[in-house]
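Take a look at the structure set out below.
All values reported here derive from a predicted model rather than from experimental measurement. Just so you know, ligand 1 is whichever comes first in the structure, and atom 1 is the first atom listed for that ligand.
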Amino acid sequence: MIQPFPHYQTRKIHCLDGLWNFAFLGDVATDDVHLESMEYRDRMAVPAAFDAMPAYAGMRGIAAYRTTIFTTPGTALRLHFEAVSMWCRVFVDGQPLRDHACGYTGFWCDAPASEKAEREVVVLVDNRFDFKRVPLHEMFFDFYQWGGIIRSVWCHEVPASYIDTVQVRVEDYRTGAITARIKIAGAIPQSVHLTSRLDTEGEQAHGEYSLEAGWAELPLQINNPHPWSQAAPDLHNLRITLSEDEVVTDDMIVRFGLRKVTTQGTDILLNGEKVKLLGYNRHESHPQFGPALPYAQLVADLQLLRDLGCNFVRGSHYPQDQRFLDLCDEMGFLVWEESLGWGQRERQLTDPDFIAAHTTQVEEMVAASINHPCVIMWGFLNEAGTDSEYARPIMAQTVRQLRELDASRLITYATMFGKTDLFLDLVDVISINIYPGWYGCENVDEPLGLVAPEIRSFCEYFDAHGFKEKPLLISEIGAEGLYGWHDVLNGFFTEAYQAELLRITCEEVVGNDRIAGVALWHFSDARTYTGGYALMRPRAFNNKGTLDEYRRPKLAYKAVRVVFTTYQR
Ligand code: ADA
């Protein structure tokens with residue numbers, strides 16, 4: 001198991017990854033599930049998507065997971081689930097602690113202290129589509145949504161007062177001035193005794209800090225600051241310790257980078273220098289493991305992206321595995337992280353439960369990812385109904401929420417409406433999903449001839465309609481290429497057609513100064529619909545990957561690599 005940041009030195013942490021007791025209950029109501037009489041006849045790996053595993057492939061319903069842990073008697077526990085898909089209810093020693101309803105964000109459960117050393121954790125997981133229960137998940141999304149405890153689970157033994165959060169705000173990336181924002185939870189005193197240590201430097205702040213609504217702020221100075229950039233992704237560590245009567249009671253170590261992301265006219269700047277974003281949309285998806293990718297696969301994916309000459313990943317279409325973001329921090333990738341969403345319209349976007357669930361999800365996403373220097377941009381609600389007024393409240397509210405939570409990153413959303421989108425004035429970067437040469441070219445003889453002119457027509461349109469000063473990103477573009485499919489006509493679905501479409505796109509992007517970057521659709525083929533929607537998707541995969549689902553390169557790999565690596569040189 002790999003523990004993503006933050007790390008801890010003082011508190012005892014148990015990793016609950018491994019083999020859990022398991023029972024698949026199927027299509028039953030939660031009220032009809034009785035834990036006391038539950039028979040766990042099987043075992044299941046955690047983390048894993050149970051419905052990606054051979055014995056339960058494709059099954060939807062309720063599953064019960066159970067494990068036990070030995071903890072220190074009399075100590076309160078905090079369970080950290082990095083992601084459970086899609087809905088879950090967590091019990092400790094038979095007591096329900098909380099429900100959670102989004103498959104891609106982490107959450108915490110507090111379990112009161114007990115005199116018993118052995119504690120039992122049970123999780124009911126539901127992967128059925130149900131708008132009331134999981135308003136953020138819909139079966140019409142063009143990617144398979146798996147069920148299970150899909151990311152790691154941790155159990156923290158915590159003292160009465162403990163450190164909940166450490167956020168680093170970079171005040172000046174050149175001088176190394178930062179502010180550490182620290183949230184204390186549990187019993188919240190008026191003030192706390194805090195110490196900080198940066199990298200291998202000595203202790204800096206040392207003293208009593210008063211809390212405001214549980215938060216303390218420490219202005220700090222790094223003596224030997226190294227900015228974070230793509231070429232030199234230098235990282236810094238900050239350890240905060242909490243003590244009582246000279247005894248350290250808790251600590252937290254966060255990792256961060258000194259960098260600044262801004263826009264200037266139509267450009268995106270990293271540390272004051274123009275950067276062209278060249279990369280891919282990437283699903284966390286594997287034919288064998290679903291969304292629970294082995295660590296080595298995460299590293300392999302980034303090695304492939306680096307080899308392709310990419311510097312950018314759009315985490316489509318949900319908050320990312322923290323291990324992946326840690327790797328992007330270390331390898332100098334720039335990331336767009338976004339909330340879960342795909343093509344929602346009025347029914348969802350105006351529903352109070354949907355809005356509330358989305359607000360919670362955005363909070364959880366930002367809380368988990370705020371210290372990653374790789375994340376330069378927040379996105380939300382891919383291809384929502386942004387050509388209609390009904391979407392205004394949720395779009396405006398989400399932008400406001402993101403700016404309040406984090407004023408240091410750019411905000412965007414991927415629109416499929418381009419020229420008729422109503423809310424582009426709200427965001428820092430315009431991001432368009434366009435498919436010239438693929439969708440909508442039924443009556444065209446030479447569809448590849450549409451690609452460059454259509455890209456240029458968007459540039460001209462936005463310049464002429466009040467967005468001359470806003471960066472423009474192509475957040476999706478691509479074509480299906482079936483791995484191994486070659487044909488003398490080089491038409492739709494051949495590797496050759498896909499390669500040529502991506503080559504033209506990449507040439508246009510690197511040669512066109514108006515365009516701030518591209519996220520090609522997409523990195524690797526990804527499993528999608530099982531029902532009737534699959535008729536639009538050969539093999540029931542979205543086949544627009546430059547690599548297939550096993551990461552075998554198609555012809556497009558070389559085509560993209562030549563253009564991107566030549567540009568990066
Ligand atoms: C959309 C969507 C992607 C994918 C793509 C496609 O732009 O955002 O998730 O479905 O279309 O392949 O058609």
Side chain proximity check, Pro471 to Ile430, heavy atoms < 4.5 angstrom
no
Cation-aromatic face contact Arg282/Tyr280, 6.0 Å, 45 degrees:
no
Could you list each N/O atom of ligand 1 together with any protein N/O atom closer than 3.5 Å, one pair per line with the distance?
from, atom 1, to, atom 2, distance (Å)
ligand 1, 7 (O), Glu383, OE2, 2.6
ligand 1, 7 (O), Glu476, OE1, 2.4
ligand 1, 8 (O), Asn382, ND2, 2.8
ligand 1, 8 (O), Glu476, OE1, 3.1
ligand 1, 8 (O), Glu476, OE2, 2.7
ligand 1, 9 (O), His317, NE2, 2.7
ligand 1, 9 (O), Trp342, NE1, 2.8
ligand 1, 10 (O), Asp142, OD2, 2.5
ligand 1, 12 (O), Trp521, NE1, 3.4
ligand 1, 12 (O), Asn542, ND2, 2.8
ligand 1, 12 (O), Lys544, NZ, 2.5
ligand 1, 13 (O), Tyr439, OH, 2.4
ligand 1, 13 (O), Arg537, NH2, 3.1
ligand 1, 13 (O), Lys544, NZ, 3.4

Is it true that the NZ or CZ of Arg60 lies under 6.0 Å from the centre of Tyr144's six-membered ring and within 45 degrees of the ring axis?
yes
Step by step, would you call Asp301 with Arg551 a salt bridge (Lys or Arg N to Asp or Glu O under 4.0 Å)?
CA-CA 8 Å; Asp301 284 0; Arg551 278 60 170 173; 3.0 Å; yes
Could you go through Glu495 and Lys554, starting from their C-alpha distance and side-chain angles, then the distance that decides it, and tell me whether this counts as salt bridge (Lys or Arg N to Asp or Glu O under 4.0 Å)?
CA-CA 6 Å; Glu495 285 197 27; Lys554 304 179 192 170; over 6 Å; no
When you compare the side chain of Leu424 with that of Phe462, does any pair of heavy atoms fall below 4.5 Å?
yes
